[in-house]
Amino acid sequence: MHLRFIHVVWMSLANQQLVPSLDAISSFGWMYHSLSICTVKGVLGCMSIGVGHSGLVFSACSMGNGTSRLYSALAKTLNSSAASQHPEYLVSPDPEQLEPIDPKELLEECRAVLHTRPPRFQRDFVDLRTDCPSSHPPIRVMQWNILAQALGEGKDNFVQCPVEALKWEERKCLILEEILAYQPDILCLQEVDHYFDTFQPLLSRLGYQGTFFPKPWSPCLDVEHNNGPDGCALFFLQNRFKLVNSANIRLTAMTLKTNQVAIAQTLECKESSRQFCIAVTHLKARTGWERFRSAQGCDLLQNLQNITQGAKIPLIVCGDFNAEPTEEVYKHFASSSLNLNSAYKLLSADGQSEPPYTTWKIRTSGECRHTLDYIWYSKHALSVRSALDLLTEEQIGPNRLPSFNYPSDHLSLVCDFSFNEEPDGLL
Ligand SMILES: NC(=O)C1=CN([C@@H]2O[C@H](COP(=O)(O)OP(=O)(O)OC[C@H]3O[C@@H](n4cnc5c(N)ncnc54)[C@H](OP(=O)(O)O)[C@@H]3O)[C@@H](O)[C@H]2O)C=CC1
Ligand SMILES: [Mg+2]
């Protein structure tokens, strides 16, 4: 039983009428296709999303008693949250309602599912700071394009990757294993097309608060048996940070709305009461679109200028920019008045060069090895204490990514940040 995701139109629920509001459609660029019952195949549960008189109606059912704790946890999540869903774009359930999961236990469950897979690659953190330690624990940020399931199986044509290696039941555990291995305080993800049935329920039970903003017209929806649109997601640990404000940004290029998005959130550290802005984005892909990405990047920078009130608060911007460092959009970020630096340059001997790759795949069009993913940060107000080194070419192997060893065609980037006690100058 699979989900056939019909373009469920964004509905105006004024007066509880399910009348598609044309301005909502035009502003979200969603085409009214048809309202229908979609059946979502969860991990071992299934949830039917119907359109009823009071909005989106859910019913969840379990698919059998062979559920391990991981899946039963998820099935329970689907059951407990579905009924209480307010159809405002499937606002995620109140994490208070879901009992916490022990990360060690979840890691064990994932490893049990992955017992036939080769062992995880070992990646080490490179220590980048020699000066005095900060008085507060560092803030660990993970940037990762996790490869949308529908694109990996449907459109991306990773011709050297065995279809078996892309099976969601196991690939999702590889993704979770990577997250649990590095335990980031903040997660900035792209190509998330299993937010509501996998990452949101599980990560909220690990103590994260999540936000999801899908592409207005996701290429996933072109793929048969898709799981809904892909988009950006931002998760942060609630015991460390308080959400001050959150903005979903639909990026424009030359004043036109585009199909790419960003999320920008202002968080306050509960330990230090220091505030900072964290943003995630995924810019337009493919060669020939360089000017388009440059325009999207300028739009994002303008939004971030406004949100940080002209860089009054420190900023971290994570993303799959789909751009090499030679591209205009990279230069815009590197020379922005927001005073940003790219964290992964610090792994190089001279501190000035980006890594040789952050994504490495083989498509029908040939081998693509590129540096497209970055973590930008306010270079005066923040310090990078360490960064997770990349997989070596030997670890990646001749068939490149994704593979039985690694779940995405993009590598995760992970950095530990600390506030500079006395910002060196302007932010
Ligand atoms: N009909 C309409 O009016 C419109 C339709 N669309 C739909 O959206 C889709 C475009 O979506 P959009 O997100 O803007 O497109 P992008 O060009 O940004 O890429 C979409 C995805 O394809 C991946 N990708 C990049 N290069 C290749 C490649 N060579 N082969 C296969 N996959 C690749 C990208 O992954 P990565 O980032 O990891 O490289 C990205 O996740 C269209 O296919 C269409 O379905 C969009 C707008 C309007
Ligand atoms: Mg991709």
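Everything numeric in this text was worked out from a predicted model, so none of it was measured. Both counts, for ligands and for their atoms, begin at 1 and track the order of listing. Computed over heavy atoms, backbone and side chain alike; hydrogens, waters and symmetry mates excluded. If you read the sequence from its start, that first residue is 1, and numbering goes on from there.
Evaluated by nearest non-hydrogen atom to atom 22 (O) of ligand 1, the leading choice among K215, R286, R293 is R286.
What sits closest to atom 38 (O) of ligand 1 on the protein, heavy atoms only, is H410 NE2, 2.8 Å. Of the protein's non-hydrogen atoms, the one nearest atom 46 (C) of ligand 1 is N259 ND2, 3.6 Å. What sits closest to atom 36 (P) of ligand 1 on the protein, heavy atoms only, is E191 OE2, 3.5 Å. The single protein non-hydrogen atom nearest to atom 24 (N) of ligand 1 is R363 NH2, 3.6 Å, given as residue, atom name and distance. The closest protein non-hydrogen atom to atom 39 (O) of ligand 1 is N322 OD1, 3.2 Å. Among protein heavy atoms, the minimum distance from atom 7 (C) of ligand 1 is reached at W217 CD1, 3.4 Å. Here the heavy atom of the protein found nearest to atom 20 (C) of ligand 1 is P219 CG, 3.7 Å. Protein heavy atom in closest approach to atom 42 (C) of ligand 1: D222 OD2, 4.0 Å.
Partners of Y406 according to the ring pair (Phe, Tyr, Trp, His ring centres under 6.0 Å) rule, which considers only residues two or more places apart in sequence or in another chain, are W144.
A salt bridge links R400 with E393: at least one charged nitrogen is closer than 4.0 Å to a carboxylate oxygen. At a threshold of 4.0 Å, the pair R385-D127 does not count as salt-bridged, since none of the basic side-chain nitrogens sits closer than that to a carboxylate oxygen. The residues R293 and E290 are annotated as salt-bridged, a charged nitrogen and a carboxylate oxygen being separated by less than 4.0 angstrom. Salt bridge D409/K361: present, at least one basic N to carboxylate O contact under 4.0 Å. Residues E170 and K167 are paired through a salt bridge, judged by an N-O separation under 4.0 Å between the basic side chain and the carboxylate. Look at R140 and D185 and you find no salt bridge, because none of the NZ, NE, NH1 or NH2 atoms lies under 4.0 Å from a carboxylate O. One finds a salt bridge joining E178 and R123 here, because a Lys/Arg side-chain nitrogen approaches an Asp/Glu carboxylate oxygen to under 4.0 Å.
Taking every non-hydrogen atom of Q260 and a distance limit under 4.0 Å, the qualifying atoms of ligand 1 come out as 12 (P), 13 (O), 14 (O), 18 (O). Applying the 4.0 Å criterion to heavy atoms of N145 picks out, from ligand 1, the atoms 38 (O). Listed by atom number, the atoms of ligand 1 under 4.0 Å from D156 heavy atoms are 23 (C), 24 (N), 31 (C), 32 (N), 33 (C). Of all atoms in ligand 1, numbered sequentially from 1 with element shown, those under 4.0 Å from a heavy atom of K155 are 31 (C), 43 (O), 45 (O).
Heavy atoms of L372 found under 4.0 angstrom from ligand 1: none, in either backbone or side chain. Contact annotation for D320 and ligand 1: only side-chain heavy atoms (C-beta onward) come within less than 4.0 Å of the ligand. For L221, no heavy-atom contact with ligand 1 is shorter than 4.0 Å. Residue-level proximity to ligand 1 for D230 is absent, since no heavy atom of it falls below 4.0 angstrom.
Distances from the Mg ion (ligand 2) under 2.8 Å pick out these protein N/O/S atoms: E191 OE2.
Within 6.0 Å of atom NZ in K155, more than 12 heavy atoms from other residues, nucleotides or ligands are found, so the atom counts as buried in its surroundings. Residue R369 places its CZ atom among more than 12 non-hydrogen atoms of other residues, nucleotides or ligands, all under 6.0 Å distant.
Ring planes of F333 and W376: tilted class, angle from 30 to 60°.
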Open item on the list: Please determine whether side chain to side chain contact (heavy atoms under 4.5 Å, CB included) holds for the pair W360 and L411, giving the CA-CA distance in whole Å, both sets of side-chain angles, and the decisive distance to 0.1 Å.
Closed with: CA-CA 9 Å; W360 199 341; L411 296 173; over 6 Å; no

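For the side chain to side chain donor-acceptor pair (under 3.5 Å) criterion with Q190, the lone passing option out of H282, Q143, Q260 is Q143.
The distance between the ring centers of F417 and F276 does not fall below 6.0 angstrom. Between F199 and F235, the gap from one ring centroid to the other reaches at least 6.0 Å. Annotation: F236 is not in aromatic contact with Y208 [ring centroid separation under 6.0 Å not met].
Looking at ligand 1, you'll find an N or O of A285 within less than 3.5 Å of one of its N or O atoms. Taking distance alone, with nitrogen or oxygen atoms compared against 3.5 Å, K284 approaches ligand 1 more closely than that limit.
Heavy-atom distances between H282 and ligand 1 reach below 4.0 Å in at least one pair.
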